[in-house]
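Just so it is clear: chains get the letters A, B, ... in the order the sequence lines come, proteins before strands, and each one is counted from 1.
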Protein chains: 2
Amino acid sequence: MAEVSDEAVNRMTRLIGDADKAECKVNKLRCITNKLDETQIKAEAEIFKAMADPCRLKILSLLREGELCVCEIMVAVDRPQSSTSHHLSLLKDAGLIKERKDGRWSRYRLSEGAVIEMLNLVKLMNEVKYG
Amino acid sequence: MAEVSDEAVNRMTRLIGDADKAECKVNKLRCITNKLDETQIKAEAEIFKAMADPCRLKILSLLREGELCVCEIMVAVDRPQSSTSHHLSLLKDAGLIKERKDGRWSRYRLSEGAVIEMLNLVKLMNEVKYG
DNA sequence: AGTTCATATCTAGTTATTTCGATATATAAA
DNA sequence: TTTATATATCGAAATAACTAGATATGAACT
């Protein structure tokens with residue numbers, strides 16, 4: 001009966017008592033995670049990674065006010081040009097901001113869509129946590 | 001007139017031409033970021049950090065199905081106990097999940113509130129990004 | 001008290017990220 | 001075509017995060 005016979009099933013059997021039920025439970029749990037597309041999960045993690053930095057969150061907040069070029073952003077966040085540019089390219093790769101070349105300037109703006117909602121949501125979550 | 005006389009203003013002056021206008025612009029930009037509470041921004045970044053890992057995203061997805069104990073989660077995500085436990089404590093510290101002690105078991109569930117919305121939002125963003 | 005089992009914490013090795021100066025690219029003006 | 005300026009990219013050092021084995025804690029059972 002046991003098709004998935006491994007440590008996990010043994011452990012689950014000790015937990016539940018019945019070996020068949022245990023195997024069933026393990027299969028069910030594995031089934032949920034197997035259904036999750038590994039590539040998609042990674043891509044989603046990348047989006048969160050891009051937002052997981054104070055400086056980049058500041059940049060996103062700034063861009064809520066409108067389009068800005070790198071030299072304006074670096075002044076606002078008070079970081080050297082290379083750092084600012086690097087953060088911007090991470091945000092761009094994650095799809096959170098868009099770039100528009102304009103002569104020697106690169107002007108950045110928020111991507112249309114869910115970025116602002118995301119910022120609002122996390123603010124809310126934080127308020128709930130402390131508040 | 002120049003109260004904030006530094007490199008940033010000089011740079012902005014070269015950009016804009018007028019020194020007073022430049023100072024004004026720098027002040028305005030700095031004002032936006034200064035208004036952002038450093039502590040709050042860091043706390044928000046911590047929340048995103050907690051979500052910025054494929055394994056932890058899997059755990060959160062799992063917990064959408066309901067409360068689970070560590071030994072069930074470690075089976076589902078196929079990681080050793082210590083790693084699983086570590087990820088769970090990060091998620092808990094970020095306020096994304098809640099713990100309930102039950103004998104020798106620790107049972108975890110999603111925090112009420114915006115966690116699910118966040119997961120839905122990032123999924124949407126990813127779909128928009130690729131299509 | 002001793003044993004067992006679920007979970008947490010510690011530790012060290014590895015890998016990823018952040019940071020910023022230096023350099024490269026590219027546009028525009030002289 | 002030289003010069004200046006805005007931005008990107010490189011490189012290397014510092015820091016942080018992830019991983020997993022080993023050990024510790026703590027509850028339940030004997």
Side-chain angles (χ1 to χ4, degrees), chain A residues 7-8 10-17 22 25 41-42 45-59 67-94 97-109, chain B residues 7-8 10-17 22 25 41-42 45-59 67-94 97-109:
Chain A
E7 265 188 49
N10 296 335
R11 173 179 269 266
M12 200 58 77
T13 304
R14 288 197 304 274
L15 256 170
I16 296 180
K25 178 98 186 178
I41 289 261
K42 268 193 188 167
E46 287 306 313
I47 292 176
F48 284 122
K49 248 180 234 175
M51 302 186 86
D53 177 274
C55 183
R56 291 196 289 274
L57 283 181
K58 273 189 205 170
I59 292 175
E67 199 184 51
L68 291 172
C69 67
V70 181
C71 62
E72 291 170 318
I73 296 168
M74 61 177 275
V75 164
V77 299
D78 197 23
R79 291 279 153 110
Q81 184 270 322
S82 65
S83 297
T84 308
S85 187
H86 180 235
H87 283 306
L88 286 166
S89 85
L90 289 180
L91 288 169
K92 196 179 71 169
D93 290 347
I97 62 175
K98 290 267 193 322
E99 185 189 18
R100 181 172 69 86
K101 296 276 188 191
D102 174 19
R104 51 187 137 165
W105 287 274
S106 293
R107 305 200 186 272
Y108 288 93
R109 64 185 187 283
Chain B
E7 265 188 49
N10 296 336
R11 174 180 268 266
M12 200 60 75
T13 305
R14 289 199 303 275
L15 256 170
I16 297 180
K25 177 97 186 179
I41 288 261
K42 268 192 188 169
E46 287 306 314
I47 292 177
F48 284 122
K49 247 180 234 175
M51 303 187 86
D53 177 274
C55 184
R56 290 197 291 274
L57 283 181
K58 274 188 204 170
I59 292 175
E67 199 184 51
L68 291 171
C69 69
V70 181
C71 60
E72 292 170 319
I73 297 168
M74 62 179 276
V75 165
V77 298
D78 197 24
R79 292 278 153 112
Q81 185 271 322
S82 65
S83 297
T84 308
S85 188
H86 179 234
H87 283 307
L88 286 166
S89 85
L90 289 180
L91 288 170
K92 196 180 71 169
D93 290 347
I97 63 175
K98 289 267 193 320
E99 186 189 18
R100 182 172 69 85
K101 294 276 189 193
D102 174 17
R104 50 189 136 162
W105 285 274
S106 293
R107 305 199 185 273
Y108 289 94
R109 65 184 186 284

message = To check you understand the geometry: which heavy-atom pair defines the closest contact between B:Ala94 and B:Ile47, and what is its length?
response = O-CG1, 3.9 Å

remark   = side chain to side chain contact (heavy atoms under 4.5 Å, CB included) filter on A:Gln81, not counting sequence neighbours, yields A:Met74, A:Ser85

key: Between CZ on residue A:Arg107 and CD on residue A:Glu99, distance to nearest 0.5 Å   = 11.5 Å

request  = Compare the minimum distances between each of D:dA17, C:dA8, D:dT7 and the side chain of A:Val70, then state the nucleotide with the smallest one.
outcome  = D:dT7

ask   = Under 4.0 Å: is that the gap between some side-chain N or O of B:Ser106 and OP1 or OP2 of C:dA8?
value = yes

ask   = In whole angstroms, how far is the C1' atom of C:dT3 from the CZ atom of A:Arg14?
value = 14 Å

note = In short, A:Met12 meets B:Cys71 closest at the heavy-atom pair CE-O, 4.3 Å

task = Look at A:Lys49 and C:dT17 and indicate whether a side-chain polar atom (N or O) is within less than 4.0 Å of OP1 or OP2.
result = yes

ask   = Across the strands shown, which category fits A:Glu99 at heavy-atom distances under 4.0 angstrom: base, sugar-phosphate, nothing?
value = sugar-phosphate

task = Could you check how far NZ of B:Lys92 sits from C1' of C:dT7, rounded to whole Å?
result = 11 Å

task = State the NE2-CG distance between B:His86 and B:Leu91, to the nearest 0.5 angstrom.
result = 10.0 Å

Integer-rounded Å distance: D:dT19 P and B:Leu90 CG = 10 Å

remark   = Between CE of A:Met74 and P of D:dT7 the distance, given in whole Å, is 9 Å

message = Please tell me if A:Tyr108 has a side-chain N or O lying less than 4.0 Å from either OP1 or OP2 of D:dA6.
response = no

For atom CG of A:Leu88 and atom P of D:dA6, their distance in whole Å = 16 Å

message = Could you tell me how far apart A:Met12 (CE) and C:dC5 (P) are, to the nearest whole angstrom?
response = 15 Å

request  = Locate the shortest heavy-atom distance separating B:Leu88 from B:Ile97; write the atom from each residue and the value.
outcome  = O-CD1, 3.5 Å

task = Would you kindly give the CD1-to-C1' distance between A:Ile59 and C:dT18, to the nearest whole Å?
result = 13 Å

For residues 50-59 of chain B, please give each side-chain donor-acceptor pair under 3.5 Å, one per line with the distance, not counting sequence neighbours.
residue: B:Asp53; atom: OD1; partner: B:Cys55; partner atom: N; Å: 2.9
residue: B:Asp53; atom: OD1; partner: B:Arg56; partner atom: N; Å: 3.1
residue: B:Arg56; atom: NE; partner: B:Ala50; partner atom: O; Å: 2.7
residue: B:Arg56; atom: NH1; partner: B:His87; partner atom: ND1; Å: 3.0
residue: B:Arg56; atom: NH2; partner: B:Lys49; partner atom: O; Å: 3.1
residue: B:Lys58; atom: NZ; partner: A:Glu38; partner atom: OE1; Å: 3.2

task = Report, as a single string ordered 5' to 3', how protein heavy atoms within less than 4.0 Å touch nucleotides 19-30 of chain C: B base, S sugar-phosphate only, - not at all.
result = BBBB----BS--

note = When rounded to whole Å, the CZ to C1' distance for the pair B:Arg100 and C:dA6 reads 15 Å

